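In what follows, a single structure is set out as structure tokens and then discussed.
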Protein chains: 2
Amino acid sequence: MRVKTGNKEKDILEAAIRVFAKNGYHGAKMAKIAEESNVSIGTLYLYYVNKEDLLVKVFENLWKSLYNELEALANRVDFSVTEKLDHLIDVFFDIFSSNSDLATVFVNEQHLVMRNPEVQVMYYHDFMSKAELIIYDGQKGGSINPNLNVKALRFFILGGIRNLLEVWALEPRLIPLPIMRNNIKTVIKNGLIHKN
Amino acid sequence: MRVKTGNKEKDILEAAIRVFAKNGYHGAKMAKIAEESNVSIGTLYLYYVNKEDLLVKVFENLWKSLYNELEALANRVDFSVTEKLDHLIDVFFDIFSSNSDLATVFVNEQHLVMRNPEVQVMYYHDFMSKAELIIYDGQKGGSINPNLNVKALRFFILGGIRNLLEVWALEPRLIPLPIMRNNIKTVIKNGLIHKN
DNA sequence: AAATTTTATGAATCAGTATTCAAATATATT
DNA sequence: AATATATTTGAATACTGATTCATAAAATTT
């Protein structure tokens, strides 16, 4: 019996994220992913069934992490709804700030995964439901405007975050991450219009 | 001398939008675009240099329209900054509400165009500068919180709109367009947090 | 140290599709 | 109605790159 050395599965996935980020999913070549992960092309197919599987696994890992963080957050009884939303923004920024390539892939390729009805990204819908629940609680508790549509809000906020992350991944210097984070929080908390 | 009949250039571009929306840029086949526009494959190449050119032209037209609308809006002296932002949201929704395929392409494929340094989409940057100028004026005039970063705001808001349009293009029934429009306006005007 | 089993390799295969271009067709001109 | 010119066609081409699989290498067992 021979035993696997290193962690090729992980190496390959991390290389895939880098290559997907740099070239886009369709521009990414399996040969390049193999090279980046110091593995032969054939080995890619020992750990992942094909190129699409690599992309799906990237998103599964991501949404699983995001969901776990959100779940821990949602259960905190010592946080108000406002604080939960505040920390939810941190969850996103924390995950992506340590991996800008992941942010790029997230922003640009998510629709490829979502468009395909054959693949169900686990944890994605769980994440969304739980995020909506927080907003809904806020409306019941009176801290969030009850006239706003929960789903619309959720998409709007996540879309805004997504776009900012894209900008940051493309040009990290243009708007520093902490600035983005604070701006989003301010907009969500106080709204765009300044009232004295 | 023979004269061109119909408007193949337009027919082709409209077919391309439909096919790009349905299959994504990379999933879209030139043969399908030819079929949809009632033209032979060869004819596509008489009007557009290649597949990428089709995509670029879609975005050039789009940003040109958006820019023209915004310019007219920005020049209105009878509108306050707040009203201008309000109408800016209408500009987006008006253009896309009559063409959901265009919304889908806009949301999903913009990064392909932006990633390529060889193509400069005309009017895109003009649009963005002008949009930032409105926000900036609002800050100078005191109606917008001066602590907010103009670029960050611009990306956040457009990202939110983009995401909502994506949802609408995928599932038009989930959140009706007027609801989306009003929600965005409320969030921008009053902020997420409800104050009595 | 030979045999066995698992893991890894990468050249060759194969399928898909954007693009080309020689030929055909339609309109206009003489 | 013959000629000239512009427009259109779509089968054939050319290329790219994902995937396969016969072979090799490494670890483990006997």
Side-chain angles (χ1 to χ4, degrees), chain A residues 1-60 105 108-109 111-113 115-116 118-119, chain B residues 1-60 105 108-109 111-113 115-116 118-119:
Chain A
M1 243 270 281
R2 185 185 165 187
V3 141
K4 293 180 188 178
T5 60
N7 192 341
K8 297 201 174 56
E9 189 175 344
K10 183 159 164 276
D11 292 347
I12 291 170
L13 205 66
E14 287 173 352
I17 292 172
R18 286 199 298 280
V19 180
F20 287 161
K22 182 160 184 189
N23 307 99
Y25 175 75
H26 284 102
K29 294 171 195 163
M30 293 300 269
K32 183 68 182 170
I33 296 173
E35 185 195 322
E36 284 272 315
S37 48
N38 298 311
V39 137
S40 73
I41 292 180
T43 300
L44 298 182
Y45 290 88
L46 296 176
Y47 291 88
Y48 298 91
V49 305
N50 54 27
K51 190 179 174 183
E52 187 189 37
D53 185 40
L54 274 167
L55 187 68
V56 171
K57 291 283 164 39
V58 168
F59 277 90
E60 270 180 12
V105 177
N108 292 332
E109 319 297 348
H111 71 105
L112 290 181
V113 180
R115 192 198 303 274
N116 188 341
E118 319 232 325
V119 294
Chain B
M1 243 270 283
R2 188 185 164 189
V3 142
K4 293 180 188 178
T5 59
N7 193 340
K8 298 201 175 57
E9 188 175 344
K10 181 158 165 279
D11 292 345
I12 291 169
L13 204 67
E14 286 173 354
I17 291 172
R18 286 198 299 279
V19 180
F20 287 161
K22 182 160 186 191
N23 307 98
Y25 175 76
H26 284 101
K29 294 170 194 162
M30 293 299 269
K32 183 69 181 170
I33 296 174
E35 186 195 323
E36 284 271 314
S37 47
N38 299 311
V39 138
S40 75
I41 292 180
T43 300
L44 298 183
Y45 290 88
L46 295 175
Y47 291 86
Y48 297 91
V49 303
N50 55 26
K51 190 178 174 184
E52 187 190 36
D53 185 40
L54 273 168
L55 187 67
V56 171
K57 291 284 165 35
V58 169
F59 277 91
E60 271 180 10
V105 177
N108 292 331
E109 318 297 349
H111 71 106
L112 291 180
V113 180
R115 190 198 303 275
N116 188 341
E118 320 232 325
V119 294

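We use all heavy atoms of the structure for the numbers below, so side chains are in, but hydrogens, waters and symmetry mates are not. Bear in mind that the values here come from a model prediction, so they are computed numbers and not experimental data.
Whole-Å rounding puts the B/Tyr47 OH to C/dT19 P distance at 18 Å. If you take CD1 of B/Ile33 and C1' of C/dT19, they are 13 Å apart, rounded to a whole angstrom. Note: CG (B/Asn38) to C1' (D/dT8) measures 14 Å, nearest angstrom. Between the CD1 atom of A/Ile12 and the C1' atom of C/dA8 there is a distance of 11 Å, given to the nearest Å. Nucleotide D/dA18 holds its C1' atom 17 Å from the OH atom of A/Tyr48, rounded to whole Å. Between the CG atom of B/Leu46 and the P atom of D/dA6 there is a distance of 13 Å, given to the nearest Å.
OP1 or OP2 of D/dT8 has at least one side-chain nitrogen or oxygen of B/Lys8 nearer than 4.0 Å.
The salt bridge (charged side-chain N to carboxylate O under 4.0 Å, His left out) pairs that include a residue from residues 17-28 of chain A are A/Arg18-A/Glu36, where partners are two or more places apart or lie in different chains. Contacts classified as salt bridge (charged side-chain N to carboxylate O under 4.0 Å, His left out) and involving residues 39-56 of chain B (residues at least two apart or in different chains) are given here: B/Asp53-B/Lys57. The stretch residues 24-54 of chain B participates, sequence neighbours left out, in these ring-ring contact (aromatic ring centres under 6.0 Å, His included) pairs: A/His26-B/His26, B/Phe20-B/Tyr25.
By the side-chain hydrogen bond (donor to acceptor under 3.5 Å, both in side chains) test, A/Ser37 pairs with no residue at all, sequence neighbours left out. With sequence neighbours excluded, no residue satisfies salt bridge (Lys or Arg N to Asp or Glu O under 4.0 Å) with A/Glu60. Applying the side chain to side chain contact (heavy atoms under 4.5 Å, CB included) test to A/Lys29 and every residue at least two apart in sequence or in another chain returns A/Lys32.
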Measure all distances between protein nitrogen or oxygen atoms and nitrogen or oxygen atoms of nucleotides 15-18 of chain C, and list the pairs falling under 3.5 Å.
unit_1: C/dA18; atom_1: OP1; unit_2: B/Ala28; atom_2: O; d: 3.4
unit_1: C/dA18; atom_1: OP1; unit_2: B/Lys51; atom_2: NZ; d: 3.3
unit_1: C/dA18; atom_1: OP2; unit_2: B/Met30; atom_2: N; d: 2.7

Are there any protein N/O atoms within less than 3.5 Å of an N/O atom in nucleotides 10-12 of chain C, and if so, which ones and at what distance?
unit_1: C/dG10; atom_1: N7; unit_2: A/Gly42; atom_2: N; d: 3.1

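At the heavy-atom level, B/Leu44 lies nowhere under 4.0 Å from the strands shown.
At least one side-chain heavy atom of A/Val105 sits less than 4.5 Å from a side-chain heavy atom of A/Leu55. Looking only at side-chain heavy atoms (C-beta outward), B/Glu109 and B/Val58 stay at 4.5 Å or farther from each other.
With respect to B/Ser40, the side-chain contact (heavy atoms from CB on, under 4.5 Å) criterion is satisfied by exactly one of B/Leu44, B/Thr43, B/Asn38: B/Thr43.
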